[in-house]
Amino acid sequence: MELDGRKVTILKAIIKTYLETGEPVGSRTISKYSDLKLSSATIRNEMSDLEEMGYILQPHTSAGRIPSDKGYRFYVDQLMEEKDQEMNQVQELMFQRVDRLELVLKRLVQMLASNTNYAAMISGPRYQQGKLKFIQLSKMDEEKLLLVVVMEGNRIKNNVLPHNGLLRDEDILNLNILLNSTLNGLSIDEINLGVISRMKEQAGPHSGVVELVLEQIAEAVKADTEELPIYTSGATNIFKYPELSDGEKASRLLSTFEQKDELQELIDEVNSQEEGAGTGIQVYIGDETPVQAMKDCSVVTANYVLGDGMRGTIGIIGPKRMDYDKVVSTLRNVMSQLDSAFNHSSE
């Protein structure tokens, strides 16, 4: 006799239920299992087969069943195979084009929540403040200029600027030389009042154009640092831990994951703490976390870097008695995979 799909599902239901309750499992309990739509009689027949095959035991007459060593072995082997497949799927996605990044992050956060049994979050990557590489002004018509700004990471921003129609081709050429010779290699923070004053002075009657260009560059940098999506998974895992499942505490935590404003505060805090410190793992315990709703939790975070200055944050949220070793190990593994995948894809 072989284990068909139905027997596998029933066996897994018996083992999961037994692991949760520690009590022998009956057919009526299994009939309520979410993945099954079978009568108690049908389940009893299947359980008899599983017992005959050695996967479950009946500790005493009229009791439910419990897993045998053979049943546990089957369950663990199946679980490991499923986790390996899950990891392989994520790795395959990582090695695809970067335009699949959103899908990669969604799958990754689901995997983190599933593997740790805690809540997980990942922010979409944002660019660290980059430097200007190239600026090009060109005439579109008598009243419009096209501004092209190329930033570190080859990010390109295009804007249309008004002008008074008095700019000659020679004037535009001189402005391009001025802009590039002065701004090339600078970040927005390095364009101070002294730099701006010298540029406007050298531009003479066209200082207004320089001012417009600088405003557009500032807008381009601001757009790059705007909030990006935050993907979450496993928020309901908090109900597994009595110290977090209290109605009010659980409600606040769930609201935090739904609204995400406070998660953004957490990400900002992580970035401010890690500025200049690379992608080190940080652990916030209880009151150390900046999020009020997480004062009864521990939060473990890490920043990932995808190249060209793209940077995001991963976080695992659970009870203070979380398995820190497992969580830290999982985060290091994920960061390593992301680094390997995106370095590979850029070669």
Side-chain angles (χ1 to χ4, degrees), residues 96-102 105 123-230 264 267-268 271-272 275-276 303-313 342-347:
Q96 293 177 16
R97 289 173 55 83
V98 176
D99 57 15
R100 301 292 297 277
L101 181 59
E102 180 180 354
L105 295 180
S123 70
R126 62 171 52 164
Y127 283 98
Q128 294 174 278
Q129 192 177 97
K131 298 182 182 296
L132 295 166
K133 289 181 66 176
F134 181 72
I135 301 163
Q136 177 70 50
L137 276 174
S138 56
K139 187 182 292 187
M140 294 180 66
D141 57 36
E142 291 304 314
E143 297 181 348
K144 295 177 184 175
L145 292 172
L146 175 64
L147 171 65
V148 178
V149 178
V150 181
M151 304 179 69
E152 202 170 42
N154 291 326
R155 290 164 289 148
I156 300 174
K157 305 287 182 180
N158 297 322
N159 291 94
V160 176
L161 307 180
H163 77 101
N164 55 18
L166 300 178
L167 280 174
R168 300 168 299 168
D169 291 343
E170 183 182 352
D171 296 327
I172 293 175
L173 175 62
N174 289 332
L175 283 170
N176 279 324
I177 293 171
L178 173 63
L179 290 167
N180 283 284
S181 62
T182 307
L183 301 178
N184 192 302
L186 297 185
S187 68
I188 192 68
D189 287 341
E190 293 171 320
I191 305 175
N192 54 36
L193 286 174
V195 172
I196 294 171
S197 297
R198 287 195 301 274
M199 288 182 67
K200 291 175 76 171
E201 182 179 347
Q202 292 177 49
H206 307 304
S207 61
V209 177
V210 169
E211 191 170 346
L212 277 176
V213 168
L214 292 173
E215 287 175 3
Q216 292 303 316
I217 289 173
E219 287 296 318
V221 171
K222 180 182 177 182
D224 268 344
T225 56
E226 285 178 352
E227 292 179 10
L228 289 168
I230 300 173
Q264 185 61 54
I267 290 167
D268 292 341
N271 287 329
S272 68
E275 190 168 346
N303 279 339
Y304 65 87
V305 177
L306 302 184
D308 288 333
M310 292 175 68
R311 180 185 180 100
T313 301
F342 282 88
N343 282 341
H344 173 86
S345 65
S346 63
E347 288 177 358

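Keep in mind that the numbers below use all heavy atoms, side chains included, and drop hydrogens, waters and symmetry copies. When a residue number appears, it is its place in the shown sequence, counting from 1.
With contacts defined as side-chain heavy-atom distances shorter than 4.5 Å, the pair Ile172/Val209 does not qualify. Taking the side chain as every heavy atom from C-beta outward, Met140 and Val160 approach each other to under 4.5 Å. Counting heavy atoms from C-beta on, the side chains of Val149 and Val213 never come closer than 4.5 Å. Contact check for Pro162 versus Leu212: side-chain heavy atoms found under the 4.5 Å cut-off. Leu161 places none of its side-chain heavy atoms less than 4.5 Å from the side chain of Lys144.
In this structure, Ile177 CD1 and Leu137 CG are separated by 12.0 Å, a value rounded to the nearest 0.5 Å. Atom CG of Asn174 sits about 5.5 Å away from atom CD of Glu170, to the nearest 0.5 Å. Considering CG of Leu214 and OG1 of Thr182, their distance stands at 9.5 Å, rounded to 0.5 Å. For the atom pair CG of Asn184 and CZ of Phe134, the computed distance is 9.0 Å after rounding to the nearest 0.5 Å. Atom CG of Leu175 and atom CD1 of Ile135 lie 11.0 Å apart (nearest 0.5 Å). A distance of 8.5 Å separates CG in Leu146 from CD in Gln136, rounded to the nearest 0.5 Å.
The two residues Leu178 and Met199 come nearest to each other via the heavy atoms CD2-O, 3.6 Å. Nearest approach of Ile191 to Val195, heavy atoms of both residues: CG2-CG1, 4.3 Å.
Within the 3.5 Å criterion, the main-chain N or O of Leu167 finds a donor-acceptor partner in the side chain of Lys139. Using modelled atom types, no side-chain atom of Ser123 and backbone atom of Gly312 make a donor-acceptor pair closer than 3.5 Å.
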